[in-house]
Student: 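One structure coming up, written as structure tokens, with questions to follow.
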Amino acid sequence: MFSIDSGALQLEMGKKSKRQPESQSFAHPTIYNKTAIKIVDEIWSKTHGNPPPSSVAAQLEEYEAITERVNLLIEKQGPPRLIHPPRHEGIAAFERWLGENGAEHSKVELAQFPEIGYGLRAKVELEEAEKVMTIPDKVMITTDTASQAELREFILNDRVLQQLPNVVLSLHLLMEACSQDSFWKPYIDVLPSSFTTPLYFTRDDLLQLQSSPVLAESLAQKRNILKLYTHLHRLIRVQYSHNVLVLYGHSPSSLEPGAGSTKH
């Protein structure tokens, strides 16, 4: 499926480091790995240089071909390093964090429902139009908090990010998830780690949709997400002189700014 481990695109903005001895080279199979760069550029060329195939059958064929490259890219990136505790272990801390920061939700509680997952359950009888909870702005992750964070310069330097606030939010959330000191850590710790949306459908899942219009929509969504991923991957390589990229907790200190980059 067209999904890359979130740990594959971890950003840490800051001052660039001085070049270190070659023995300390950034050897982890990450964004600067030559094979990974080649795969990303192949996928980028396929998704940016060509319009989607006209027929659903051709779209499915393209999906299968690109998925082979994606799977190889995931292999080169190595195992994920963003490991979060089971969601249920963080519920109490999350509710305590909400209360400490001005949220009021005494009429409802977080609960896990069979075959559905977590949701809100009323603790009292609720009247129509009754206020159920109050959540202050300060606990929300928004494009405003993203623009005030280390992502600010990165956003200002890329027109795509300026036009796609959902991508900005994704990067912002990813950066916060990689920080143990994040203000939003109690919230991030209770986020789901898997989904059942079309983006995460496997090949077998998609084959079950061959008589449904959902198949074309799912393939289009996967293609667009992969298009965005490769854009960001290349952008970070080009923007290295402004942003220090850290993948899986490693610092590319042995690289000169722009090393391994490819021009758009």
Student: For Thr145, check side-chain hydrogen bond (donor to acceptor under 3.5 Å, both in side chains) against everything at least two apart and list the hits.
Tutor: His172

Student: Are Leu156 and Leu171 connected, step by step, through hydrophobic side chains (Ile, Leu, Val, Met, Phe, Trp, Tyr) whose heavy atoms are closer than 4.5 Å?
Tutor: no

Student: Please enumerate all residues that pass side-chain hydrogen bond (donor to acceptor under 3.5 Å, both in side chains) together with Ser182, with sequence neighbours excluded.
Tutor: Glu176

Student: So, using salt bridge (Lys or Arg N to Asp or Glu O under 4.0 Å) as the criterion, who are the partners of Lys185 when residues are at least two apart?
Tutor: Asp189

Student: Show me the donor-acceptor pairs within less than 3.5 Å that the side chains of residues 89-102 make with the rest of the protein, sequence neighbours left out.
Tutor:
unit_1	atom_1	unit_2	atom_2	d
Trp97	NE1	Phe183	O	3.1
Asn101	OD1	Lys138	NZ	3.3
Asn101	ND2	Trp97	O	2.9

Student: Answer yes or no: is there a side-chain heavy-atom contact under 4.5 Å between Tyr63 and Thr67?
Tutor: yes

Student: Taking only residues two or more places apart in sequence, or in another chain, which ones meet Ser170 in a side chain to side chain contact (heavy atoms under 4.5 Å, CB included)?
Tutor: none

Student: Can you tell me how far apart CG (Leu73) and NE2 (His233) are? Round to the nearest 0.5 Å.
Tutor: 6.0 Å

Student: Looking at Asp41, is its backbone amide N or carbonyl O close enough to the side chain of Ser45 to form a donor-acceptor pair, meaning the two atoms are under 3.5 Å apart?
Tutor: no

Student: Side chains of Ser147 and Asp144 only: does a donor on one sit below 3.5 Å from an acceptor on the other?
Tutor: no

Student: Taking the side chain as every heavy atom from C-beta outward, state whether Val70 and Ile74 have any pair of such atoms under 4.5 Å apart.
Tutor: yes

Student: With the 4.5 Å side-chain cut-off for hydrophobic clustering, are Met140 and Val167 part of the same group?
Tutor: no

Student: Report the residues that fulfil side chain to side chain contact (heavy atoms under 4.5 Å, CB included) with Gln59, sequence neighbours left out, ordered by chain and then residue number.
Tutor: Pro53, Ala216, Leu219

Student: For residues Thr143 and Ile155, determine if any side-chain heavy atom of one lies less than 4.5 Å from a side-chain heavy atom of the other.
Tutor: no

Student: Going by the rule side-chain hydrogen bond (donor to acceptor under 3.5 Å, both in side chains), which residues pair with His88 if we only count those two or more places apart in sequence or in a different chain?
Tutor: none

Student: For Glu42, check side-chain hydrogen bond (donor to acceptor under 3.5 Å, both in side chains) against everything at least two apart and list the hits.
Tutor: Arg69

Student: Distance check, rounded to the nearest 0.5 Å: Lys34 atom NZ versus Ile39 atom CD1?
Tutor: 14.5 Å

Student: Report yes if some heavy atom in the side chain of Pro52 is under 4.5 Å from a heavy atom in the side chain of Arg223; otherwise report no.
Tutor: yes

Student: Nearest 0.5 Å, what's the CG-CG distance between Asp205 and Leu215?
Tutor: 11.5 Å

Student: Do you reckon Leu174 sits in the same ILVMFWY cluster as Val190, going by side-chain contacts under 4.5 Å, direct or chained?
Tutor: no

Student: What are the two closest non-hydrogen atoms of Gln210 and Leu60, and how far apart are they?
Tutor: OE1-CD2, 4.4 Å

Student: Taking only residues two or more places apart in sequence, or in another chain, which ones meet Ala220 in a side chain to side chain contact (heavy atoms under 4.5 Å, CB included)?
Tutor: none

Student: Sequence neighbours excluded, which residues qualify as salt bridge (Lys or Arg N to Asp or Glu O under 4.0 Å) partners of Lys123?
Tutor: none

Student: Working to the nearest 0.5 Å, report the span between CZ of Arg234 and CD1 of Ile37.
Tutor: 10.0 Å

Student: Kindly give the heavy-atom pair with the smallest separation between Ala122 and Leu126, and that separation in Å.
Tutor: CB-CD1, 3.9 Å

Student: Quick check: do Ile66 and Thr47 have side-chain heavy atoms less than 4.5 Å from each other?
Tutor: yes

Student: Sequence neighbours excluded, which residues qualify as side chain to side chain contact (heavy atoms under 4.5 Å, CB included) partners of Ser54?
Tutor: none

Student: Do any side-chain atoms of residues 103-112 form donor-acceptor pairs under 3.5 angstrom with protein atoms, and if so which ones, sequence neighbours left out?
Tutor:
unit_1	atom_1	unit_2	atom_2	d
Glu104	OE2	Ser106	N	3.0
Glu104	OE2	Ser106	OG	2.6
Lys107	NZ	Glu130	OE2	2.7
Lys107	NZ	Lys131	O	3.2
Glu109	OE2	Arg121	NE	3.1
Glu109	OE2	Arg121	NH2	3.2

Student: Spell out, as yes or no, whether a donor-acceptor pair under 3.5 Å connects the side chain of Trp44 to the backbone of His231.
Tutor: no

Student: So which atom in Ile188 and which in Ala177 form the shortest heavy-atom distance, rounded to 0.1 Å?
Tutor: CD1-N, 3.7 Å

Student: Please give me the minimum heavy-atom distance between Leu206 and Lys222, naming the atom from each residue.
Tutor: CD1-CE, 3.9 Å

Student: In Å and rounded to the nearest 0.5 Å, what is the OG1 to CG distance from Thr35 to Leu72?
Tutor: 7.5 Å

Student: Would you give the length of the straight line joining atom CG of Leu173 to atom CG of Asn166, rounded to the nearest 0.5 angstrom?
Tutor: 12.5 Å

Student: According to a 4.5 Å side-chain heavy-atom criterion applied to Ile, Leu, Val, Met, Phe, Trp and Tyr, with indirect links allowed, do Leu191 and Leu199 form part of one hydrophobic cluster?
Tutor: no

Student: Answer yes or no: is there a side-chain heavy-atom contact under 4.5 Å between Val160 and Leu228?
Tutor: yes

Student: How far apart are the C-alpha atoms of Leu120 and Met133, what are their side-chain angles, what is the distance that settles it, and do they pass the side-chain contact (heavy atoms from CB on, under 4.5 Å) test?
Tutor: CA-CA 11 Å; Leu120 290 178; Met133 67 176 71; 3.0 Å; yes

